[in-house]
Amino acid sequence: MSLPSSIRCQFPALQQEVNGRPLVYLDSAATSQKPQRVIDAVSNFYETSCANVNRGAYELGRRSTNLYEGARTLLQEFIGAEHSEEIIFTKGCTEAINLAANSWSAEYLEYEDVILVSEMEHHANIVPWQMAAERHGARVIPIPVTFDCEIDLDQFESLLREEPVKMVAVKHICNATGTINPIEQIATMAKEAGSAVMIDGAQGLAHQRVSVKDLPIDFYAMASHKAYGPMGIGALYGKREVLRELPPYQGGGDMIRAVSFEDTTYRKPPGRFEAGTQNPADAAGFAEALRFISEVGVEALHQHETEIRIAAEKMLQDAGADIVGSPKEKAGIISFVLPRIHPHDFSTFSDQLGAAIRTGHHCCMPLMSSLGLPGTARVSLAAYNSIEDLNVLIEAIESARRIFA
Amino acid sequence: MSLPSSIRCQFPALQQEVNGRPLVYLDSAATSQKPQRVIDAVSNFYETSCANVNRGAYELGRRSTNLYEGARTLLQEFIGAEHSEEIIFTKGCTEAINLAANSWSAEYLEYEDVILVSEMEHHANIVPWQMAAERHGARVIPIPVTFDCEIDLDQFESLLREEPVKMVAVKHICNATGTINPIEQIATMAKEAGSAVMIDGAQGLAHQRVSVKDLPIDFYAMASHKAYGPMGIGALYGKREVLRELPPYQGGGDMIRAVSFEDTTYRKPPGRFEAGTQNPADAAGFAEALRFISEVGVEALHQHETEIRIAAEKMLQDAGADIVGSPKEKAGIISFVLPRIHPHDFSTFSDQLGAAIRTGHHCCMPLMSSLGLPGTARVSLAAYNSIEDLNVLIEAIESARRIFA
Amino acid sequence: MLQELYQEVILDHSKSPRNSGVIDEPSHQAEGFNPFCGDQVKVMLIVDEGLIQEIRFSGQGCAISQASASMMTQAVKGHTVAEARDIFKTFHKAVTEDDEPDIDVLNELASLCGVKAYPSRIKCATLAWHAMEEALENHA
Amino acid sequence: MLQELYQEVILDHSKSPRNSGVIDEPSHQAEGFNPFCGDQVKVMLIVDEGLIQEIRFSGQGCAISQASASMMTQAVKGHTVAEARDIFKTFHKAVTEDDEPDIDVLNELASLCGVKAYPSRIKCATLAWHAMEEALENHA
Ligand SMILES: Cc1ncc(COP(=O)(O)O)c(C=O)c1O
Ligand SMILES: Cc1ncc(COP(=O)(O)O)c(C=O)c1O
């Protein structure tokens with residue numbers, strides 16, 4: 001592998017046994033494990049700097065504000081944003097998309113407008129748009145996905161031509177199939193048709209380098225916990241000119257300029273969109289996770305995951321599994337089905353051997369029904385995996401086959 | 001004091017010096033410090049049980065689900081709710097109020113309806129109602145506050161008589177003045193007038209026992225970080241019959257029953273209101289904080305804080321400070337002003353001596369303008385404080401007076 | 001040890017489910033969803049004078065949920081609605097509590113008790129039952 | 001050491017602020033808010049042919065923000081808009097960067113450099129200046 005196996009030692013959760021077998025964690029697309037340094041960054045915040053941010057009249061408040069704003073600047077640089085005020089912290093990727101769907105729609109979405117959402121989207125990038133469409137009388141139309149599990153660009157093009165499209169919402173990397181979507185091309189096509197663009201970057205952050213300032217997109221949504229960071233924090237990137245025009249999302253402390261019963265006014269972005277007590281504890285952990293990723297290198301991570309993925313796909317196929325989808329560009333995610341063995345049954349076999357995989361619809365019900373599948377078993381890879389991890393899965397397939405064949 | 005001084009040893013952040021002086025933390029109403037056991041509960045989650053909840057096809061997933069649902073049950077018992085499904089986890093108290101204001105208003109709020117909000121509310125319990133009122137064409141009317149900083153119950157009664165009031169939003173304990181509001185009486189009056197009731201319990205949780213099943217309220221909103229728990233999590237309590245009727249707030253994974261482009265259906269509460277990846281890490285910490293509070297005892301905490309508060313008020317008055325408000329029932333919070341010394345200037349003096357106090361409007365701008373004050377200095381107490389902590393403040397007053405007198 | 005979970009009788013029912021299919025004009029019906037794995041089952045009944053005359057199910061799911069649905073239809077068909085509810089109670093206890101299962105009532109259904117050792121699979125075993133219960137509360 | 005932050009001249013300006021009050025018909029005005037402490041200041045100007053003829057401020061704030069507003073009005077009155085902006089630039093550098101302040105331009109304003117050691121107070125020192133800058137961009 002291209003990454004040293006010592007990386008695994010940095011992850012305390014991976015040093016344990018489960019059901020009498022060493023834990024093999026193959027569900028990083030759900031949430032990644034956290035290196036010790038990230039866990040320590042969070043504890044360390046509570047042990048030394050615990051105070052609310054932006055109220056820096058005392059030393060602890062200044063420390064927490066510096067950690068919080070430092071995390072914002074780090075994330076800005078990490079994703080190549082031009083201004084730190086383009087980074088809004090949220091509690092996760094889902095909230096980031098809801099925020100955008102809500103505030104953007106309030107400003108721009110009108111009766112009968114069209115929102116194009118790819119058929120492979122995660123529910124987090126479908127349901128908020130359905131809700132916004134319902135509020136404003138607009139329509140959500142799916143962009144079909146090919147049998148290879150790629151977005152059908154021809155059909156996308158004709159949808160763009162025919163409809164007055166106001167928003168195109170597409171994921172960067174598909175959590176169910178590993179497809180890396182050509183977001184630059186999709187965004188360029190959308191912009192030419194006059195549409196805004198939301199990229200769901202939940203699976204992108206730790207796996208593909210982005211430079212959002214060079215992409216013709218309006219929003220990029222992210223989650224810390226899928227990128228070696230703590231739970232409870234995520235972020236929305238929004239282009240400065242776009243954010244400036246949008247009304248707030250949640251109301252409360254920290255997002256206001258002045259409150260009165262006659263007239264309440266709001267701060268400029270990003271403050272306007274960050275109501276309530278901020279979360280500097282998890283921001284500090286998120287920042288540490290970004291440092292971890294930068295030190296290992298996003299490209300090295302992708303190469304490491306790709307090497308394992310390619311070997312794993314072969315092993316799985318040799319063991320009789322059908323791999324779902326064959327996109328040209330693919331991240332370290334493999335969905336597969338086993339003839340005559342329901343994924344849910346299979347997961348009990350792998351669990352018995354200490355392997356954590358995900359089975360089901362992966363929050364992509366429309367994709368599953370378009371593929372005609374009740375669900376799949378999914379392996380998703382990260383820095384700490386090695387090809388040996390896959391041996392356990394093959395063992396589980398054999399043991400399940402003994403019962404179901 | 002009624003609490004042993006050894007409690008302080010459990011808080012690692014308090015074992016440090018700031019500006020060459022031992023840290024004296026007097027800003028617990030902003031965020032409380034966390035005992036080691038809470039910090040460890042969060043780390044421990046990441047080190048042993050890190051996985052998404054509700055996807056329990058493998059061991060780590062079962063552990064995280066048990067921790068998460070265990071925290072829900074614990075909070076249910078802690079606040080005396082009848083059903084665990086009445087507890088919705090949010091990222092904080094502000095989000096809890098926004099969720100309620102949004103979903104409740106979508107179902108019930110109509111043109112020209114009235115929402116009564118006390119003049120002493122935190123911005124988090126004003127702005128979401130203003131936003132909801134704007135969406136639905138309703139009106140937000142303030143309930144006046146007396147010079148003692150109590151809600152004016154006579155005026156409240158006449159407001160209830162005259163207006164078609166649909167919602168009464170009031171805080172349990174005032175973060176600016178320490179006032180403990182008679183929430184049972186207020187809620188009973190509101191219910192008699194046919195109104196729903198939101199209690200902002202941000203300052204209540206760790207300081208006053210509640211039994212929500214015995215209160216005629218619809219919602220009670222809470223924050224973990226103000227109750228010895230981690231940041232990034234809070235909760236909304238909603239009565240079962242009420243929650244069942246409400247539409248979802250955010251859309252995404254975990255809150256759906258089934259998603260399709262034709263028809264998306266939602267889960268029952270609480271799932272319906274918890275979109276996206278849950279936060280079991282901070283839920284585990286929140287649960288540990290509730291255990292800490294239960295072991296010390298809410299009554300013992302209140303007594304401890306009250307003893308210090310009464311002694312502190314005398315010391316401050318002797319040093320020339322004017323205490324803001326004199327409500328009959330008061331928590332361990334003191335707002336004061338110093339003649340000829342602006343609170344913001346004063347905070348620099350106390351910071352120099354290692355004391356962390358809050359100055360400003362405490363996110364209660366309408367209250368400050370009704371009191372005719374630009375802001376106050378505020379001391380807020382918790383388990384780890386002692387009357388000795390106040391000596392530093394008196395020292396700061398003397399040193400500020402030498403310059404400003 | 002997974003042999004205990006996947007006993008022969010369970011595999012048999014899941015491979016050749018009894019009473020699978022649809023009823024054109026059911027008197028009662030409901031759908032069960034497991035939002036976490038996507039399993040879904042529809043239960044249709046014809047109830048006449050309190051008696052379950054006919055019961056069928058359709059849908060997708062793992063071996064446990066299919067076998068449980070199949071055995072359920074056999075267990076309740078010809079029984080009264082009240083009896084069917086009682087059987088569910090006994091079954092529910094058997095797959096969630098530690099007491100000895102009541103074999104006399106459960107018969108083949110007792111083979112599903114193995115899920116107790118796999119908490120995340122209990123929902124699979126009870127999915128169709130919850131749908132039946134809901135169906136009996138609603139009407140068609 | 002707080003004597004250095006609160007120098008005599010600052011206390012003097014904060015106790016008896018110069019040019020405090022309102023201008024009835026300003027040509028330019030803007031409000032500055034510090035949402036975190038609630039400090040607020042309104043700056044009104046009469047600008048004629050690029051020259052700041054009159055400037056006043058009103059509002060509430062700590063000693064630092066009041067003194068800074070007061071000194072600001074003295075520093076820019078009678079200057080051109082372009083000069084006023086330059087003075088702000090020099091002042092801003094002086095209270096945020098480590099270089100020696102330009103005493104020739106700043107005069108009394110140099111007394112505010114002490115805030116550098118108290119980062120949370122820098123916003124107090126620049127509040128009125130930002131309001132003036134905004135006023136000069138808008139019109140009345
Ligand atoms: C593609 C994709 N989008 C959005 C989400 C939602 O992210 P979060 O759960 O952090 O809100 C996920 C993960 O659950 C995902 O894989
Ligand atoms: C009375 C009151 N309500 C609401 C809030 C908001 O809580 P949070 O910051 O956790 O969202 C606070 C604290 O900031 C508060 O003191």
Side-chain angles (χ1 to χ4, degrees), chain A residues 12-13 16 18-19 27 30-31 33-34 39 42-43 46-48 50-52 55 57-60 91-92 94-95 98 122-124 126-128 130-131 140 142 223 225 230-233 250-253 256 258-261 264 275-277 279 281-282 347 351 356 358-359 363 365-366 369, chain B residues 12-13 16 18-19 27 30-31 33-34 39 42-43 46-48 50-52 55 57-60 91-92 94-95 98 122-124 126-128 130-131 140 142 223 225 230-233 250-253 256 258-261 264 275-277 279 281-282 347 351 356 358-359 363 365-366 369:
Chain A
Q16 61 183 317
V18 150
N19 293 322
D27 197 15
T31 198
Q33 296 300 325
K34 325 300 173 201
I39 304 172
V42 176
S43 312
Y46 289 125
E47 286 164 13
T48 66
C50 180
N52 284 2
R55 299 274 190 282
Y58 53 84
E59 176 58 23
L60 261 52
K91 70 171 170 177
T94 300
E95 178 170 77
N98 275 274
H122 188 279
H123 299 160
I126 301 175
V127 184
Q130 290 180 323
M131 289 172 151
V140 174
H225 73 97
M231 294 173 146
I233 194 162
Q250 298 183 333
I256 57 94
V259 172
S260 74
F261 281 99
T264 291
T277 299
N279 186 348
D282 292 320
S347 72
D351 180 35
R358 169 63 48 90
T359 58
C363 293
M365 282 189 164
S369 40
Chain B
Q16 61 183 316
V18 150
N19 293 324
D27 197 15
T31 198
Q33 296 300 325
K34 326 300 174 201
I39 304 173
V42 176
S43 312
Y46 289 125
E47 286 165 13
T48 65
C50 179
N52 284 2
R55 298 275 189 280
Y58 53 84
E59 176 58 22
L60 261 53
K91 71 172 169 176
T94 300
E95 178 169 76
N98 275 274
H122 188 280
H123 298 160
I126 300 176
V127 185
Q130 290 180 324
M131 289 172 150
V140 174
H225 73 98
M231 295 174 144
I233 194 162
Q250 298 183 332
I256 57 94
V259 172
S260 75
F261 281 98
T264 291
T277 299
N279 185 348
D282 292 321
S347 72
D351 180 36
R358 169 64 50 91
T359 58
C363 292
M365 282 189 164
S369 37

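Letters A, B, ... mirror the listed sequences (proteins, then strands); counts begin at 1. Heavy atoms only: backbone and side chains are in, while hydrogens, waters and symmetry mates are out.
Interface check for chain A: of the options B:S347, B:C50, B:S43, B:G92, the most heavy-atom pairs under 4.5 Å are formed by B:C50. Chain A forms more heavy-atom pairs under 4.5 Å with one residue of B:I233, B:N19, B:T264, B:V42 than with any other, namely B:T264. Chosen from A:A223, A:S369, A:A281, A:P230, the residue pairing most often with chain B at heavy-atom distances under 4.5 Å is A:P230. The most heavy-atom pairs under 4.5 Å with chain A, out of B:A356, B:G276, B:A51, come from B:A356.
Residue A:N98 comes nearest to B:Q250 through the heavy atom pair OD1-CA, 3.3 Å, listed as atom of the first residue, atom of the second, then distance. Nearest heavy-atom pair, B:P366 versus A:S260, reported as atom, atom and distance to 0.1 Å: CG-CA, 4.3 Å.
For A:Q130, the part lying under 4.5 angstrom from a heavy atom of chain B is the side chain only. If you measure heavy-atom distances from B:K34 to chain A, the contacts under 4.5 Å come from the side chain alone. Using a 4.5 Å cut-off between heavy atoms, A:T31 touches chain B through backbone and side chain atoms alike. At a 4.5 Å heavy-atom cutoff, the contact between A:V259 and chain B is made by backbone and side-chain atoms alike. Looking at A:E47, the atoms closer than 4.5 Å to chain B (heavy atoms on both sides) sit in the backbone and in the side chain alike. In this structure, the portions of A:A258 lying under 4.5 Å from any heavy atom of chain B include both its backbone and its side chain.
Here NE2 of B:H225 is found 11.5 Å from CG of B:D282. Values are rounded to the nearest 0.5 Å.
Under the rule for a side chain to side chain donor-acceptor pair (under 3.5 Å), A:T359 has no partner lying at least two apart in sequence or in another chain. With sequence neighbours left out, A:H123 forms a ring-ring contact (aromatic ring centres under 6.0 Å, His included) with A:H361.
In this structure, B:Y46 contributes its side chain and A:M231 its backbone to a donor-acceptor pair below 3.5 Å.
When side chains are defined from C-beta on, A:E59 does not count as touching B:Q16, because their heavy atoms never get closer than 4.5 Å.
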